[in-house]
Structure formats: C-alpha cells, structure tokens
Amino acid sequence: MRRLIPFLLFLLFAAGALGAQLKLPPPGSRVYTVQVGSFLKKEEALWVFEKVKDLPGARIVLRGGRYKVRVGFFSSYKKALEFCRSAHIPQRVDSYYVTLVRFYPKGIVELAGEPPKKEVKTVNATELRPSVKLVTFIPLNEKASNSKGSEAKPKTSETSKPPQVNGTARVETPEPSAPKSLPSGKTPEREGSFHLPARKLLYGFGALLALGVAVLFLRRRSLRSSTPQAVVAKLLADGKFEELIEFALPYLEENPKDTFVKKALAESYEKLGRFLEAAAVYEEISKDLEEKGLNILAEGFRKRAEELYAAEFKKGG
C-alpha cells in the first residue's frame with residue numbers, strides 16, 4: 001500500500017499537468033514548449049504529429065517557411081522537462097528539445113483536439129469577372145433617328161442584345177488582329193524614320209566627303225610647300241648640296257631663267273669646292289640680270305665669278 005500511494009500521487013500530478021495544458025496561453029505571451037520536429041514539407045510534419053497528437057498542446061506551427069511540431073505550454077523550463085519524462089517523449093520521437101517561444105495562434109496549422117484544417121483556395125476577384133471588354137456605352141432610350149429621311153437601323157433580336165449594366169449597354173468588340181510576323185532578323189519600320197542601310201550609306205557618304213575635303217586641303221598645302229624654290233631652299237638650309245644639284249639641273253633645263261634656283265646651285269657648287277662650276281653659274285646669273293636691266297646686281301655676280309676663278313687657279317697652283 002505504501003508503494004501504491006506514491007504511484008497514485010504521480011498519476012494525479014501527471015494528469016493535472018496534462019489537463020492544465022489544454023488551455024491556450026494569451027497571444028504574444030512567452031512560454032516554454034517542446035519542439036519535436038521541423039520540416040519543409042507539411043506531409044513530413046503530419047507524420048510526426050500523429051505520434052504526439054494525443055498530448056496536450058500538440059500542434060504544427062508555420063514559422064519562417066518551416067512546419068514545426070511542438071507540444072505543450074509551460075511556465076518554466078523545469079516543468080517542460082518533467083512533462084517530457086512523464087509523457088515519454090524520448091520513446092515517441094527521435095529528437096526533441098525545450099525552447100522559449102512567443103505564442104501567436106495565427107501561425108498554428110494543426111492543433112490537437114481540433115479537426116484538421118482544410119486548405120481553401122482563394123480566388124481573386126478579377127478572376128470572377130466576365131471576360132468582356134467595355135468599349136462604348138450606348139443609352140438604351142436613344143432613338144435610332146428623329147428625321148424621316150434618315151436610314152433605319154437594322155433591328156436586332158432579343159437574343160443578340162448586348163448585356164445591360166446599370167441602364168447602359170455593354171458592347172463587345174473583336175480583339176485587334178495580331179500584326180503579321182516579320183522574317184527573322186528584321187524589325188518593323190517606323191513612319192518617318194530612315195531605313196538602316198540608307199542611314200549607313202548616308203553616314204558613309206558624309207565620311208567620304210569630309211575625307212575628300214581634308215585630302216584636297218592637304219594637297220594644296222603640300223603643293224605650296226613643294227614648289228621648286230621651296231624644295232631648293234630646304235635642301236640648301238639642310239646642307240644637302242648634292243641632292244640640290246641633282247634636283248636643280250633638270251629643272252633649270254626647262255626653266256633657265258629662274259635666278260633663285262641658279263643662285264642656290266652656284267652656292268652648292270661653292271660649298272663643295274667646285275669653284276669653276278660655281279663661277280660659270282654666277283656668270284649666267286649676271287647675264288640674266290643684265291637682260292633685265294639690273295646692271296648693278298649683274299656686276300656683283302660677275303665679280304663673284306672672277307673671285308672663284310682666281311681661287312680655283314690658286315688651288316691648282
């Protein structure tokens with residue numbers, strides 16, 4: 001009898017503890033609970049829920065996209081552990097732990113003692129509307145025509161009358177036909193826009209025109225800078241006397257009166273030490289100047305020719 005009394009007291013305590021958990025705590029309150037599983041699929045959560053649904057407070061809660069199976073509501077961590085031992089939680093499930101949560105009844109998917117919830121598919125209000133487009137509203141009391149000479153409108157049968165909405169008629173119009181499909185790689189042309197190849201041709205023509213203008217400008221500039229007198233002056237300044245002689249001789253055969261080129265040729269001969277050839281050119285320049293009436297200048301070139309002759313004789317002696 002003494003051994004039976006503690007066992008009865010334990011059963012009474014367990015029964016009181018189990019019965020006390022049938023009442024849900026207030027929303028938003030913090031309570032301890034026993035979590036026996038967490039799953040992504042509801043079917044897996046229901047399989048574990050079947051093992052503990054006879055226990056008070058057994059439920060499936062949807063939190064953070066996961067279906068969590070929990071049991072009981074407790075005011076302390078110690079009471080939750082005592083409940084796990086008395087309800088043989090370790091023998092029912094593979095794993096469990098006690099956790100402190102904030103209770104919200106809105107997230108409960110399944111609850112022990114209540115019939116399972118049926119998922120009701122919600123239908124959008126726009127899906128219930130008839131697929132009829134409102135194009136125009138025609139007053140029903142409007143007469144076809146008040147004048148005698150006007151053409152009468154054809155009468156429509158009652159079955160073909162458009163549906164009425166608040167005293168007005170709703171008229172269905174056919175959907176606009178889809179545009180014809182274009183071949184692959186082509187796009188529809190907009191009115192007033194250039195066609196792509198034509199635009200490319202226009203850009204190419206503009207580029208060629210600009211290039212032609214630039215070439216013409218550079219050509220004229222090069223012609224100005226490449227006159228015989230300019231070439232001779234450049235060669236003389238650079239000290240390229242041999243090249244100047246090779247350029248000047250054929251030029252002077254066609255232009256024998258060009259005094260500037262003759263003078264540069266004579267100076268090149270003089271720089272190279274070819275005094276006789278330089279003196280001969282200076283004499284030609286002197287004669288050209290005398291023909292033009294420039295006797296003073298002609299006399300200067302003649303004297304220079306005589307000096308070069310004397311220098312050549314001294315060099316030879």
Side-chain angles (χ1 to χ4, degrees), residues 1-134 163 165-166 170 172 175:
M1 186 67 181
R2 291 180 179 179
R3 296 179 178 178
L4 185 60
I5 290 175
F7 180 72
L8 292 175
L9 292 175
F10 175 76
L11 290 179
L12 290 174
F13 174 77
L18 294 174
Q21 304 304 323
L22 296 176
K23 186 178 179 181
L24 296 178
S29 60
R30 297 179 68 85
V31 294
Y32 289 92
T33 187
V34 181
Q35 183 163 309
V36 296
S38 177
F39 309 94
L40 289 173
K41 296 182 180 180
K42 185 180 179 182
E43 292 77 11
E44 298 177 355
L46 287 172
W47 184 77
V48 177
F49 179 72
E50 290 294 328
K51 298 180 180 182
V52 296
K53 69 178 182 179
D54 59 318
L55 300 176
R59 62 198 183 278
I60 299 177
V61 183
L62 182 60
R63 290 284 186 271
R66 299 185 68 89
Y67 294 92
K68 301 181 179 182
V69 185
R70 294 172 177 172
V71 179
F73 304 97
F74 309 97
S75 59
S76 66
Y77 184 82
K78 183 178 179 180
K79 290 182 179 180
L81 288 179
E82 291 175 353
F83 172 78
C84 292
R85 289 192 293 267
S86 63
H88 305 287
I89 296 294
Q91 288 77 25
R92 291 171 180 259
V93 295
D94 297 332
S95 62
Y96 70 95
Y97 64 91
V98 179
T99 179
L100 181 64
V101 297
R102 191 176 294 276
F103 175 73
Y104 291 102
K106 187 178 180 180
I108 296 177
V109 179
E110 297 289 341
L111 181 64
E114 294 185 357
K117 298 180 181 179
K118 295 182 180 180
E119 295 183 0
V120 180
K121 184 180 180 182
T122 58
V123 182
N124 192 359
T126 56
E127 297 179 1
L128 301 176
R129 297 177 183 176
S131 57
V132 178
K133 291 187 177 181
L134 298 179
V165 180
N166 298 330
R170 188 167 53 192
E172 296 185 10
E175 293 287 342

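Here, residue 1 is the first one in the sequence, and each next residue gets the next number.
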Measuring only between side-chain heavy atoms, which start at C-beta, is [X] closer than 4.5 Å to [Y]?
X	Y	result
Leu46	Tyr67	no
Val31	Val101	yes
Arg70	Val36	no
Leu55	Ile89	yes

How close do [X] and [Y] get, counting heavy atoms only, and between which atoms?
X	Y	answer
Gly72	Thr33	O-OG1, 2.8 Å
Phe74	Ala80	CD1-CB, 3.6 Å
Cys84	Pro90	O-CD, 3.7 Å
Ala112	Phe49	N-CZ, 3.9 Å

Rounded at 0.5 Å granularity, tell me how far [atom1] in [X] sits from [atom2] in [Y].
X	Y	atom1	atom2	value
Arg66	Leu40	CZ	CG	4.0 Å
Ile60	Leu111	CD1	CG	10.0 Å
His88	Phe83	NE2	CZ	11.0 Å

- Task: With sequence neighbours left out, write down each residue that passes salt bridge (charged side-chain N to carboxylate O under 4.0 Å, His left out) with Arg92, or none if nothing qualifies.
- Result: Asp54

- Please collect all side-chain hydrogen bond (donor to acceptor under 3.5 Å, both in side chains) contacts where either partner lies in residues 43-52, sequence neighbours excluded, each pair once. Glu50-Lys53

- Query: Can you list every ring pair (Phe, Tyr, Trp, His ring centres under 6.0 Å) pair that touches residues 92-113, not counting sequence neighbours?
  - Reply: Phe73-Phe103

- Item | side-chain hydrogen bond (donor to acceptor under 3.5 Å, both in side chains) involving Lys79 - partner list, sequence neighbours excluded | Ser75

- Query: Can you list the residues that meet the side-chain hydrogen bond (donor to acceptor under 3.5 Å, both in side chains) rule with Arg63, with sequence neighbours excluded?
  - Reply: none

- Item | Qualifying residues under ring pair (Phe, Tyr, Trp, His ring centres under 6.0 Å), relative to Tyr32, sequence neighbours excluded | none

- Message: Once salt bridge (charged side-chain N to carboxylate O under 4.0 Å, His left out) is applied, what residue pairs with a partner in residues 95-105 remain, sequence neighbours excluded?
- Response: none

